[in-house]
2 protein chains.
Amino acid sequence: MSNKENILSAALELFAEQGYDRTPTSQIARKAGVSEGLIFRHFGNKAGLLEAIIRQGLALIAESMQPYDDAAITPREAIVQHIERSFRLMRDHETFWRLAHKVRFQAAVQDVAAVQMEQVNAFIVTNLTENFEKAGYPQPQLEALLLFALIDAITLHYLADPSRYPLDAMQSLVRERYG
Amino acid sequence: MSNKENILSAALELFAEQGYDRTPTSQIARKAGVSEGLIFRHFGNKAGLLEAIIRQGLALIAESMQPYDDAAITPREAIVQHIERSFRLMRDHETFWRLAHKVRFQAAVQDVAAVQMEQVNAFIVTNLTENFEKAGYPQPQLEALLLFALIDAITLHYLADPSRYPLDAMQSLVRERYG
DNA sequence: TATTTTTGTGAGTGATTACTCACTTTTATG
DNA sequence: CATAAAAGTGAGTAATCACTCACAAAAATA
């Protein structure tokens, strides 16, 4: 791993644990095993570092959320597919989600990263809307928002206390409701 | 309004807008029209001020969430009642919710306020579980968690962009689903 | 009225922290 | 090999900010 990558992963963990504002760049540098100056050489400023992390995470999500252009899949299957994928992402990228949710309401991110986040969300909702429509739901747009909100909230509550939250059971329940 | 109240309401607004970490006590004092020292005289430290605000907000919520001990109401009605009340709270205390969600993931609140928040949540979920059970749902605990999460997320998404979010329509949709 | 308690002030302080910069080392390139 | 470019360092800096404290005014109490 390059120093740049070391910085990114150290910052991801620290931001996720402590929050952006409560994590000094000095601590990131220490954890990454580099000098503090290097952070600014690579990312310009602290916000730039955060942006790079979010960009990286969003790319992962966007990738794993690509819809099949396979016409063989039914809209209902596509919806269930989306649910399964969401829960998988939740489990596989816990640290990133923790960071994302921590940072979500902070003014600091009113930059490119926030815009990108919005775009990914809009893309997902649009996709869901289409599928709900094809599946014959009377209010596909609202249904899409509802499911999106539901998954979002489950992520939130799961992250708040991963060891005690009944994630598997919730996944089944949601799957059944839309399957 | 006393100076103490002035401080509380100024801080509520500023914390909700800018976040706790990004709001200097000097700014709160200026907005409240008092000296900075007075904040510390009344609340000990900045965290104490936050705690007082949250305590205040939670009292409001807890009050408005008191269950009827009226046995005349059916469990299904009680659930719908809860939904209606939640949406009402959302609209009536937008600023507090914005603060609460901003602060939710910050380590700073690992104090009495966080514990109280947990208690209110647990109380709500327990109540819902009971009603889902009486209403004959096979997995009342999970159903309660699901509805709780759903409302939580709708609040979140509504707060993110109040003017564009279809809150009324969502309320209807949720009400219908459980009515 | 005299005295104690509460409320209020604001200049000052020490600690923290994001960022700079002059410089060195390493890597790439002609 | 020579030179340029990129990567890396760490001491230093200016700004911010939570909090203190000596003191004053107001309010409560006796």
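Lettering follows sequence order; numbering is per chain, from 1.
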Undergrad: State plainly whether the residues A:R91 and A:D168 are in salt-bridge range, i.e. N to O under 4.0 Å.
TA: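 Looking at A:R91 and A:D168, the cut-off is met.
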Undergrad: Got a sec, which residues hit salt bridge (charged side-chain N to carboxylate O under 4.0 Å, His left out) with B:R175, two or more places apart in sequence or on another chain?
TA: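 Scan of B:R175 (salt bridge (charged side-chain N to carboxylate O under 4.0 Å, His left out), adjacent residues dropped) gives B:E84.
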Undergrad: Hey, does B:T23 reach any base, or is it just sugar-phosphate, or nothing, if we go heavy atoms under 4.0 Å?
TA: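 Sugar-phosphate, backbone atoms only, no base.
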Undergrad: Can you list everything that forms a side chain to side chain donor-acceptor pair (under 3.5 Å) with A:Q56? Sequence neighbours excluded, please.
TA: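 Expected list: none.
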Undergrad: Considering just the side-chain nitrogens and oxygens of A:N3, establish if one lies under 4.0 Å of OP1 or OP2 belonging to D:dA7.
TA: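 So the side chain of A:N3 is outside the cut-off, no N or O lying under 4.0 Å from OP1 or OP2 of D:dA7.
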Undergrad: In chain order, what residues pass the side chain to side chain donor-acceptor pair (under 3.5 Å) check against B:D152, with sequence neighbours excluded?
TA: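 For B:D152 the side chain to side chain donor-acceptor pair (under 3.5 Å) partners, ignoring immediate neighbours, are A:H157, B:H101, B:R104.
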Undergrad: Distance-only criterion, 3.5 Å: show the donor-acceptor pairs between side-chain atoms of residues 132-149 of chain A and protein atoms not counting sequence neighbours.
TA:
residue : atom : partner : partner atom : Å
A:E143  : OE1  : B:R177  : NH1          : 3.2
A:E143  : OE2  : B:R177  : NH2          : 2.6

Undergrad: Looking at residues at least two apart in the chain, or sitting in another chain, which of them share a salt bridge (charged side-chain N to carboxylate O under 4.0 Å, His left out) with B:E118?
TA: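 None.
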Undergrad: Could you state the NZ-P distance from B:K46 to D:dC19, rounded to the nearest angstrom?
TA: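 The distance from NZ of B:K46 to P of D:dC19 comes to 8 Å, rounded to the nearest Å.
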Undergrad: Using the side chain to side chain donor-acceptor pair (under 3.5 Å) criterion, which residues pair with B:T23? Sequence neighbours excluded.
TA: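 Once residues adjacent in sequence are excluded, the partners of B:T23 under the side chain to side chain donor-acceptor pair (under 3.5 Å) criterion are B:Q18.
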Undergrad: Whole angstroms only, please: what is the CZ-P distance between B:F40 and D:dC19?
TA: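 Checked: the CZ to P distance equals 5 Å.
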Undergrad: Tell me which donor-acceptor pairs under 3.5 Å the side chains of residues 27-36 of chain B have, and how far apart each pair is, sequence neighbours excluded?
TA:
residue : atom : partner : partner atom : Å
B:K31   : NZ   : B:E13   : OE1          : 3.0
B:E36   : OE2  : B:T25   : OG1          : 2.7

Undergrad: Kindly give the atom pairs (protein nitrogen or oxygen, nucleotide nitrogen or oxygen) under 3.5 Å for nucleotides 25-28 of chain D.
TA:
none

Undergrad: Under the side-chain contact (heavy atoms from CB on, under 4.5 Å) criterion, do A:S9 and A:E5 qualify, and how do the steps go?
TA: CA-CA 6 Å; A:S9 84; A:E5 289 167 321; over 6 Å; no
Undergrad: Tell me the interatomic distance from B:H42, atom NE2, to D:dC19, atom C1', rounded to whole angstroms.
TA: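 After rounding, the gap between these two atoms is 16 Å.
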Undergrad: Check each residue of residues 26-39 of chain B for a non-hydrogen atom within less than 4.0 Å of any atom in DNA chain D, then write out the ones that pass by number, or none.
TA: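 Within this stretch, B:E36 sit under 4.0 Å of the strand.
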Undergrad: Apply salt bridge (charged side-chain N to carboxylate O under 4.0 Å, His left out) to A:R88 and list each qualifying residue two or more places apart in sequence or on a separate chain.
TA: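 For A:R88 the salt bridge (charged side-chain N to carboxylate O under 4.0 Å, His left out) partners, ignoring immediate neighbours, are A:D92.
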Undergrad: Tell me: CG of A:D21 to P of D:dT16, nearest whole Å?
TA: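 Rounded to whole Å, this separation is 16 Å.
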Undergrad: Extract, from 5' to 3' on DNA chain C, the first and final nucleotides lying under 4.0 angstrom from some heavy atom of chain B.
TA: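 Listing 5' to 3', DNA chain C meets chain B from C:dT7 to C:dG10.
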Undergrad: Could I get the full list of salt bridge (charged side-chain N to carboxylate O under 4.0 Å, His left out) partners for A:E77, not counting sequence neighbours?
TA: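 Not a single residue meets the salt bridge (charged side-chain N to carboxylate O under 4.0 Å, His left out) criterion with A:E77.
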